[in-house]
**Q** 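Let me give you the structure first, and then I'll get to my questions.
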Protein chains: 2
Amino acid sequence: MSHPGPDLEHPAGHATIRHVAELAGVSVKSVSRVVNGEAGVRPELAERVTAAIEQLGYRRNLAASTLRRRGQRTGSIGVVIQDVANPFAATLLRAVEEVAQRRGVVVLASSIDGDAEREARAVAELVRRRVDGMILMPTSAQHGSLAEEQRLGMHVVFVDRPPVGLDADYVGADNAGGARTAVRALLDRGHRRIAYLGDTRTISTAVERLAGYRQAFVDAGVETDEELIVHDLNVSRHARAAAAELLSRRDRPTALFTAQNLITIAALHVLRGLELRQRVAHIGFDDVELGDLLTPGVSVVRQDPTAIGRTAAELLFGRLDGDDGPVRRVIRPVELVERGSGELAPLAFEG
Amino acid sequence: MSHPGPDLEHPAGHATIRHVAELAGVSVKSVSRVVNGEAGVRPELAERVTAAIEQLGYRRNLAASTLRRRGQRTGSIGVVIQDVANPFAATLLRAVEEVAQRRGVVVLASSIDGDAEREARAVAELVRRRVDGMILMPTSAQHGSLAEEQRLGMHVVFVDRPPVGLDADYVGADNAGGARTAVRALLDRGHRRIAYLGDTRTISTAVERLAGYRQAFVDAGVETDEELIVHDLNVSRHARAAAAELLSRRDRPTALFTAQNLITIAALHVLRGLELRQRVAHIGFDDVELGDLLTPGVSVVRQDPTAIGRTAAELLFGRLDGDDGPVRRVIRPVELVERGSGELAPLAFEG
DNA sequence: CTGTTAGCGCATTCAA
DNA sequence: TTGAATGCGCTAACAG
C-alpha cells in the first residue's frame, strides 16, 4: 500500500476510486479498468474490486472522469424553452428527452418566459457546465453572441424561432403558410372582419403568422382592417382583455384568428362568456387539448411539437457525431384541422 | 513566463485559466481571483485579466471548479417525473425550476413513463453527476435502494407519491380525501352505480384514490360493485377501451369517477362519442385545460401542482441549507370543483 | 495482466 | 499583493 490517500472505512461523502482501491488492495488504475469495463483484468481481481465497490457504495464521479478524458463530452445537452408548463414546449422537450435518453445523455432544461436576460443567463450557465450542445427556443432578437460559443465548438440548434445574426441549424413550422391557410378559409366563407390576436412582435413566429394573415387578405384582394390587429398578448390576462374589447365593439369582427395556444384558450373563455362561440368564427394556431370536444369544436392550425423536438435533437446529435455539412433549416408542415369553430359563417352584429 | 502550459493563441476548444494567465502575463491564481471576485487584486492587473478573458472568450469550467472546491455543491438538482408532456408533471417541474433558478441552480429533468428500470437508470445517472439533491415522482414500489444515496449525503424529496421503505421528505395531495369527497357528492345525488377508472395499482396515488372511493361507499352504507372498478389504465387507449366497455353495458354506471387527468380526457372522448355527456355524471381527479368550457363543464378534484413543486423545492433547498429536522410529510389539500358534469342526476339506462 | 506517473482545469495552502 | 506548489477524482500514457 503505497498510497498516501485517505484511510476512512466510512468516507463522509462519496467514496472515491482510491477508497475502493485501498479496500480491494489494488491500484486505482485497476479499479478504473473494472469500472470502465476495460479488458485485461484477472477475474479474481475484478471480483475483489466489484465487492469493494459494492461495499463502499462507490459511484464514479462523472465530472472528474469527463475532465480527464481527452476531448470527452459531458453527456449533457441544454434545452432553453419559453415555459415548460406550456404544452407546446413540454411536448417538444419530451421528444428531445426521448432521443437524448436513448443515447444516455441528460437534459438540462430552463424556462425563460420571454425574458432575454434569463435566456442569456441560461445559455451562460450551460456553457459553464460544458454541455455538448444546446437546443434553443430563443426570445432575444439577436443571437450573434452565440457565434463565439459556436466557434469554440458548441453546437446549437434553434427550434420554433430561427436564429438571427447567426448561422445555425433550425427546426420550425410553416407559420406563415399555416396562418395564411387559416385566414384564407375564413375569407372563403365570406368573413371580412377577421381579427388577429398575436404574441409579441419581437417573436418571429408572431411576425410570420401575422404575415400569413396579411398575405391571405392580399391573395383575396381584400384590405385588412388595422383596427382588428392586436399584438403583444404575451400574458393571458392581456389576451382576454383584447378579445373582450374586440368582441364588444359595435362592428365587432365576425371571426378571430388567435396566433398561439394560450391566446386561443383566452379567446375561448371570452367567447364563451359573451355567448358568442356559435356566432363568431375562430381558428387558433397550435392545437389545444379537448378542443375537439367543445361545441363547436375548436378549429386549429396544428403543428407537431414532437416532430420538431425529435428532429432538432437528431440534428444536434448528428452534429455531435461529426456531421459538419451546411447549416440546415427544417420547416415542418402544419395542418388546418376543421372542427367547427372555423367553419361558422359570418353573422351581422345583431347587438 | 515560466508556465509549461499551452501556447495557443486560438485554443481549439475552450480557453482555460492558463491561456488567460499567459495572455495577461499573470499567474493562474490571479486569474482565479479575478474570476471569483476575490479581494486583493491590483486594479491594473485585474483589468489585464479581464481583457484577456474577453479576448479569449474564457468561461470557467464549472465541473473543474466544483471538483477542486472543498465539499462544493454542483449547483444542480435532478427531477425525475413520469412524463413532462403531462400538464400535471410539467406544471410541477416549472415550479421547481422557478425556485431553483432563483438560487442559480440548474435542473436535470428525466421522464420515466412509469418504467421502474428507467427510474433506476435516471437516479443512477443523477448520482454519477453528483446533483446536490433530487425530487422524485417515483414509479417503483420500493425505494430502499435510495437509502444508500441518502447516507452518502444525497437529499431526496418525493412528490406526488410517498417513499416506501425509506425515510424521506414527501409532498403530495390528499388523494383519498379528494376521491372520497367526489364520490360522496355523487352518492349524495343518488348515484349508486359509480364506476372507478384508475391507474396502475402499484402507484400509491391510484391506491389512495381508490381507497377514498371505497370509503365514500362505506360512509354512505352502500355496497360497492366490483364490476365497476377498473384498474391499470396507464395508457390512453386502455382508458378509452375500458370506458367504452363500461358504458355499453346494459346496466351501465350512472356516474364515472376517473382517477387521473389522462383517464379523464379519455373518458370525455368516449362519453362524447356515445352522446352520454349529458346523461352520465362524471368527476375526474386533476384539473383539465378547457374543462370549464365543455358542456356540461367537467367537474374535477383539483390539486395544485405548482404548490406541490414549489413546496418540494423549498423543502429540498432547506435540507441543502442544513435543515436536518425530522422527515416531513406535506399533504396539500384538494378541492372539488363543480362545473356540471358531476352534478348530473342518475339516469336509468334507457336502452 | 498490473501499477506508476502525469495531468485534465481549477481552487487551496502557503510562501514570497 | 502575487505566485508556486499541491491535489480534487479520475483516466491516458507509459512503464513493468
Side-chain angles (χ1 to χ4, degrees), chain A residues 1-6 8 11-22 24-49 53 56 58-75 127-130 152, chain B residues 1-6 8 11-22 24-49 53 56 58-75 127-130 152:
Chain A
M1 254 15 65
S2 60
H3 302 298
L8 303 166
H14 288 268
T16 74
I17 198 169
R18 295 244 298 257
H19 292 103
V20 177
E22 289 191 8
V26 299
S27 75
V28 291
K29 181 56 195 168
S30 291
V31 178
S32 176
R33 284 203 180 89
V34 173
V35 169
N36 291 301
E38 285 175 33
V41 182
R42 193 153 39 91
E44 183 215 282
L45 192 150
E47 261 180 57
R48 274 212 326 267
V49 170
I53 287 175
L56 294 174
Y58 169 75
R59 320 293 167 113
R60 176 169 55 152
N61 183 326
L62 210 61
S65 168
T66 299
L67 186 60
R68 188 60 183 88
R69 270 170 167 31
R70 201 168 43 86
Q72 169 75 345
R73 299 263 155 76
T74 56
V127 173
R128 272 196 289 277
R129 292 177 186 276
R130 299 293 190 270
L152 297 175
Chain B
M1 246 28 53
S2 59
H3 302 298
L8 304 165
H14 288 268
T16 74
I17 199 170
R18 296 242 299 257
H19 292 103
V20 177
E22 289 191 9
V26 300
S27 75
V28 290
K29 179 55 195 167
S30 291
V31 177
S32 177
R33 285 202 180 91
V34 172
V35 169
N36 292 301
E38 286 174 32
V41 181
R42 196 152 36 93
E44 184 215 281
L45 192 151
E47 260 180 57
R48 272 212 325 266
V49 170
I53 287 174
L56 293 174
Y58 168 75
R59 319 294 166 113
R60 176 168 56 153
N61 182 326
L62 212 60
S65 169
T66 299
L67 186 60
R68 188 62 182 88
R69 268 169 166 34
R70 200 168 41 85
Q72 172 73 344
R73 299 262 157 75
T74 56
V127 173
R128 272 196 288 277
R129 290 175 189 278
R130 299 292 190 269
L152 297 176

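Note: hydrogens, waters and symmetry copies are ignored here, and every other heavy atom, side chains too, is used. Naming convention: chains lettered A, B, ... in sequence-line order (proteins, then strands); numbering from 1 in each chain.
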**Q** What's the angle between the local helix axes at either end of the helix from C:dC1-D:dG16 to C:dA16-D:dT1, using five pairs per end and rounding to 10 degrees?
**A** 40°
**Q** To the nearest Å, how far apart are A:Glu38 CD and D:dC14 P?
**A** 15 Å
**Q** Tell me, do B:Ile53 and B:Arg59 make a side-chain contact under 4.5 Å, heavy atoms counted?
**A** no
**Q** According to side-chain hydrogen bond (donor to acceptor under 3.5 Å, both in side chains), who are the partners of B:Arg128, at least two apart in sequence or on a separate chain?
**A** B:Glu125
**Q** To the nearest Å, give me how far apart CG (B:Leu62) and C1' (C:dC10) are.
**A** 11 Å
**Q** Considering just the side-chain nitrogens and oxygens of A:Asn61, establish if one lies under 4.0 Å of OP1 or OP2 belonging to D:dC8.
**A** no
**Q** Does D:dT11 have its OP1 or OP2 closer than 4.0 Å to a side-chain nitrogen or oxygen of A:Ser65?
**A** yes
**Q** For nucleotides 14-16 of chain C, print each protein N/O atom paired with a nucleotide N/O atom at under 3.5 Å, atom names and distance only.
**A**
none

**Q** Phosphate oxygens OP1/OP2 of D:dT2: is one of them under 4.0 Å from a side-chain N or O of B:Ser30?
**A** no
**Q** As an exercise, state the distance from OG1 of B:Thr16 to CG of B:Leu56, rounded to the nearest 0.5 Å.
**A** 9.0 Å
**Q** Quick one: does A:Val35's side chain get under 4.5 Å of A:Ile17's, heavy atoms only?
**A** no
**Q** Rounding to an integer number of Å, can you tell me how far B:Arg129 CZ sits from D:dG9 P?
**A** 18 Å
**Q** Check salt bridge (Lys or Arg N to Asp or Glu O under 4.0 Å) between B:Arg130 and all other residues, then give those that pass, not counting sequence neighbours.
**A** none
**Q** For nucleotides 6-8 of chain C, print each protein N/O atom paired with a nucleotide N/O atom at under 3.5 Å, atom names and distance only.
**A**
from, atom 1, to, atom 2, distance (Å)
C:dG7, N2, A:Arg68, NE, 2.2
C:dG7, N3, A:Arg68, NE, 2.7
C:dC8, O2, A:Arg68, N, 3.3

**Q** Applying side chain to side chain contact (heavy atoms under 4.5 Å, CB included), can you list everything that pairs with B:Glu38, at least two apart in sequence or on another chain?
**A** B:Lys29, B:Arg33, B:Asn36
**Q** What's A:Val41 touching, base or sugar-phosphate or nothing? Going by heavy atoms closer than 4.0 Å.
**A** sugar-phosphate
**Q** Just so I know, are the side chains of A:Ser30 and A:Val41 near enough to count as touching, which here means a heavy-atom distance under 4.5 Å?
**A** no
**Q** Could you say whether A:Asn36 or B:Ala39 is positioned toward the 5' end of DNA chain D, judged by the nucleotide with the nearest heavy atom to each?
**A** B:Ala39
**Q** Distance from B:Arg129 atom CZ to A:Arg60 atom CZ, nearest 0.5 Å?
**A** 10.0 Å
**Q** Hey, is A:Glu44 close enough to A:Arg48 for a salt bridge, meaning N to O under 4.0 Å?
**A** yes
**Q** Heavy atoms only: give me the nearest B:Leu67-A:Ala64 pair and the separation to one decimal.
**A** CD1-CB, 3.9 Å
**Q** Quick one: A:Glu22 CD to D:dC10 P, roughly how many Å, whole number?
**A** 13 Å
**Q** Counting only side-chain nitrogens and oxygens, does A:Arg42 get under 4.0 Å of the OP1 or OP2 atom of C:dT2?
**A** yes
**Q** Would you indicate, yes or no, if D:dT11 has its OP1 or OP2 atom less than 4.0 angstrom from a side-chain nitrogen or oxygen of A:Ser32?
**A** yes
**Q** Using atom types as modelled and distance alone, determine if a side-chain donor or acceptor of A:Thr66 lies under 3.5 Å from a backbone N or O of A:Leu62.
**A** yes
**Q** What is the distance from CD1 of B:Ile17 to P of D:dA5, rounded to the nearest Å?
**A** 17 Å
**Q** What is the distance, to the nearest angstrom, from the NE2 atom on A:His14 to the P atom on D:dG9?
**A** 11 Å
**Q** Taking only the side-chain nitrogens and oxygens of A:Ser27, find out if one of them lies under 4.0 Å from OP1 or OP2 of C:dG3.
**A** yes
**Q** When the distance from CD of B:Glu47 to P of D:dT1 is rounded to whole Å, what number comes out?
**A** 16 Å
**Q** Would you indicate, yes or no, if C:dG9 has its OP1 or OP2 atom less than 4.0 angstrom from a side-chain nitrogen or oxygen of B:Arg59?
**A** no
**Q** Mind checking the CZ-CG spacing from A:Arg68 to A:Asn61? Nearest 0.5 Å is all I need.
**A** 15.0 Å
